[in-house]
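Below, each value reflects all heavy atoms present in this structure, side chains not excepted, and no hydrogens, waters or symmetry copies.
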Amino acid sequence: MSSSNNPLPLSIRGLRKAYGDVVAVNGIDLEAYPGECFGLLGPNGAGKTTTIEICEGLTAPDSGTVELLGLSWKNSSAELRERIGIQLQETQFPEKLTVEEIVQLFRSFYRHGLRPGKIIETVQLTEKKSARAGSLSGGQKQRLAMACALVGDPELLFLDEPTTGLDPQARRHLWDLVEDLKKAGRTIILTTHYMDEAERLCDRVAVMDQGRIIALGTPRELIATIGAEHIVEFVVDGLAADLEAEALQRLEGVQHTRVDNGRYQLSVSELHTSVPELFGELARRRIKLTELRTHSATLEDVFVSLTGRNLRDE
């Protein structure tokens, strides 16, 4: 996928980082291709933040190699700072400076870059360009952070949990911006807890757990690995302790079963087949259904199938 004249935007080989006895990153290999949005997913403590910090030059690895645009932080740190952009999960701005002043300040850090006014327009903050940073909403501050990450016209962009804590409208604004950046040919490395965000924005994703990559592929490919298109979740009357997962596994169309704190989860191929089968089984056992919901299989379900835990259990 790359050559000496056209290196990969990101190449990681054998990366390892430990803090005392805790191994945060345990020998991972990753590649990101030009013009794609690559997602790094996982619960808190999975190792994705440490991985991203090493890629951004903020943390030194214990072993392994990281190359960005064919360069390393050890030999080409000044050039890399000119060619990448970083948006942290939370950025603190001087509250008395205006949006325009902050973007102009960040533009001054680069030899080459984009006009501050153009970037402010790109992130939809033109009406707020004279507003002080301290008066901005959470979504507006995230868009300002995006402007600061983009003003150097980066070839490779790191977005670390960019929509955490935002309301749905602010999240969608940032989603639209990321999609525009993809269309412009930029390579984006995205970390997120939101599976709908990863499924919408990412061309490929790597799922991390306990410092390792446990799954890698397109969202569609990973979802297909669980062998079911739909998830049925339900709760029954508390007295129904005799409803075994093995009995549910035998129902037509059921691929996998899971029980967690009294909540049953079935991975099924066809809802119109498995749900009536479930109702019939409960009726035969005289078990009362108290809650039922269904949804299409997601990346969250992929993580559950691989680990037996939810992404947010941590």
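To the nearest 0.5 Å, the span separating CD on Glu56 from CH2 on Trp73 amounts to 8.5 Å.
A salt bridge links Glu31 with Arg13: the closest approach of a Lys/Arg side-chain nitrogen to an acidic carboxylate oxygen falls below 4.0 angstrom. By the 4.0 Å N-to-carboxylate-O rule, Asp153 lies close enough to Arg186 to be salt-bridged with it. Salt-bridge annotation for Glu244 and Arg285: present, with a side-chain N of the basic residue lying under 4.0 Å from a carboxylate O of the acidic one.
For CZ of Arg115, the number of neighbouring non-hydrogen atoms (other residues, nucleotides, ligands) closer than 6.0 Å is 12 at most. Taking a 6.0 Å sphere around CD of Glu291, one finds it holds more than 12 heavy atoms contributed by other residues, nucleotides or ligands.
Judged purely by atom type and a 3.5 angstrom limit, Glu82 uses its side chain to pair as donor or acceptor with the backbone of Arg111. Remark: the backbone N or O of Tyr194 is not paired with any side-chain donor or acceptor of Glu197 at under 3.5 angstrom. When atom types are taken as modelled, the side chain of Thr187 and the backbone of Leu156 share no donor-acceptor pair closer than 3.5 angstrom. The main-chain N or O of Gly39 is never found under 3.5 Å from a side-chain atom of Thr191 such that the two would form a donor-acceptor pair.
The two residues Ile86 and Leu157 make their nearest non-hydrogen contact at N-CD1, 4.3 Å.
Here ring-ring contact (aromatic ring centres under 6.0 Å, His included) pairs that include residues 87-121, with residues two or more places apart or in two chains, are Phe106-Phe109.
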